[in-house]
Amino acid sequence: MSIFKGSGVALVTPFMPNGEIDYEQLRKLTDFHVEHKTDAIIVCGTSGESATMTVEEHLECIAVVAEQANGRIPVVAGTGSNDTATAIELSTEAEKCGVDGLLMVTPYYNKCTQNGLIKHYEKVSEAVKTPIILYNVPSRTGCNILPATAVKMAKELENVVAIKEASGNISQVAELAHLADGCIDIYSGNDDQIVPLLSLGGIGVISVTANIIPDDTHDLCQKFFDGDVKGSLELQLKAIDLCKALFCEVNPIPVKKATELMGMTNGVVRLPLTEMEPENTAKLEKAMRDYGISF
């Protein structure tokens with residue numbers, strides 16, 4: 001059984017002006033997504049700025065979201081690391097929080113081989129029972145999970161059940177779907193490619209854009225599942241300019257600014273991320289207004 005189907009939000013982490021995590025606001029964001037048709041919450045991923053969190057903060061965020069969701073919506077915890085031992089620690093502790101899945105990015109900076117990837121995920125898989133979503137985002141990690149490698153892990157590691165494909169390479173996704181023949185769930189990791197990925201057999205998206213248009217991101221997926229491909233495509237194309245604006249600077253700077261404009265967070269990011277450049281803020285504001293977002 002799939003962890004979720006449809007729109008999973010790659011949740012931003014709200015910070016207070018002093019840079020500490022605003023756990024009260026994190027609870028409010030969790031409720032917001034439950035109320036606005038989001039199909040799953042992914043906490044402590046790239047958009048959640050997990051790379052700048054301490055282990056204690058990381059685990060507290062997971063615990064807070066899992067507690068606040070309280071079974072109303074699946075919660076997936078980002079627990080990947082470039083260090084296998086740390087990934088095991090985060091994963092085993094997150095499992096104790098009762099999360100529904102673990103999102104595990106490939107080891108970054110190390111740039112391990114395909115065999116190294118297999119060994120890495122194998123060790124984590126042995127340490128937990130919670131379903132694992134592989135996270136392939138080579139533009140940020142310098143490491144690409146090849147289709148044959150993903151399929152091998154899905155077939156040999158019992159709790160490797162899905163992959164977030166953020167390579168941006170549709171040909172690679174097609175090859176993955178061909179080799180997998182249904183043995184692994186595929187989620188889009190690119191908001192501008194949701195419909196193409198669904199057409200290749202994908203079952204949803206782990207979305208940055210869903211932070212600010214959760215209802216439409218859910219509807220985009222649901223329309224496709226219901227056979228309304230035209231309606232799904234209309235929503236995909238409507239969001240293209242917004243997607244561009246949300247990635248005109250490194251994620252999650254723009255989406256954090258968007259949530260600030262909408263009064264959902266104060267927009268604070270942690271160094272080395274910085275305040276959005278004024279000209280890019282203007283682009284984002286225009287894209288949001290053109291889409292019909294009020295702020």
Contact summary for Cys44 and Ile62, nearest pair of heavy atoms: SG-CG1, 4.1 Å

Any luck finding a side-chain donor-acceptor pair between [X] and [Y] under 3.5 Å?
X      : Y      : result
Glu95  : Thr130 : yes
Ser47  : Asn251 : yes
Asn136 : Glu165 : yes
His33  : Thr38  : yes
Ser207 : Ser7   : no
Asn159 : Ser125 : yes
Ser50  : His58  : no
Glu49  : Thr13  : no

State, with a plain yes or no, whether a side-chain heavy atom of [X] is found less than 4.5 Å away from one of [Y].
X      : Y      : answer
Pro254 : Asn280 : no
Phe247 : Val208 : yes
Leu117 : Ile145 : yes
Val173 : Asn169 : no
Ile293 : Leu242 : yes
Phe225 : Ser232 : no
Val43  : Val76  : no
Ser81  : Tyr108 : yes

Taking atom [atom1] of [X] and atom [atom2] of [Y], what is their separation to the nearest 0.5 Å?
X      : Y      : atom1 : atom2 : value
Phe295 : Glu260 : CZ    : CD    : 11.0 Å
Asn110 : Asp83  : CG    : CG    : 8.0 Å
Phe32  : Ile41  : CZ    : CD1   : 10.5 Å
Asp215 : Leu220 : CG    : CG    : 12.5 Å

Main-chain N/O of [Y] paired to [X] side chain as donor or acceptor, under 3.5 Å:
X      : Y      : value
Gln222 : Gly6   : no
Ser2   : Phe4   : no
Tyr121 : Gly116 : no
Arg72  : Val34  : no
Asn190 : Gln193 : no
Asn144 : Leu146 : no
Arg140 : Val137 : no
Glu57  : Thr54  : yes
Asn266 : Val268 : yes
Thr30  : Leu26  : yes

Same apolar cluster: [X] and [Y], side chain cutoff 4.5 Å:
X      : Y      : result
Met53  : Leu11  : yes
Ile42  : Leu197 : no
Ile73  : Leu103 : no
Val9   : Val75  : yes
Leu102 : Val161 : no

Residues Leu246, Leu284; criterion side chain to side chain contact (heavy atoms under 4.5 Å, CB included); working and verdict: CA-CA 7 Å; Leu246 287 171; Leu284 176 62; 3.8 Å; yes

Looking at [Y] and [X], is there a salt bridge between them, counting it only when a charged N and a carboxylate O are closer than 4.0 Å?
X      : Y      : result
Arg27  : Asp31  : no
Glu275 : Lys256 : no
Lys37  : Asp219 : yes
Lys257 : Glu285 : no

All pairs passing salt bridge (charged side-chain N to carboxylate O under 4.0 Å, His left out) where residues 228-252 contributes a residue, at least two apart: Lys223-Asp228

Within 45° cone and under 6.0 Å: Lys164 NZ/CZ vs Tyr187 ring: no

Side chain to side chain contact (heavy atoms under 4.5 Å, CB included) between Phe224 and Ser199, worked out: CA-CA 9 Å; Phe224 190 96; Ser199 74; 4.2 Å; yes

The single option from Val160, Ile133, Ile132 passing side-chain contact (heavy atoms from CB on, under 4.5 Å) against Met104: Ile132

Other residues, nucleotides, ligands: >12 heavy atoms within 6.0 Å of Glu158 CD: no

CD (Glu24) with more than 12 external heavy atoms under 6.0 Å: no

Tyr135 vs Thr46, side-chain hydrogen bond (donor to acceptor under 3.5 Å, both in side chains): CA-CA, chis, key distance, verdict: CA-CA 10 Å; Tyr135 181 10; Thr46 304; 3.2 Å; yes

Worked check of side chain to side chain contact (heavy atoms under 4.5 Å, CB included) between Ser188 and Ile206: CA-CA 6 Å; Ser188 176; Ile206 295 177; over 6 Å; no

Derivation of the side chain to side chain contact (heavy atoms under 4.5 Å, CB included) call for Phe15 and Glu20: CA-CA 5 Å; Phe15 297 122; Glu20 294 181 4; over 6 Å; no

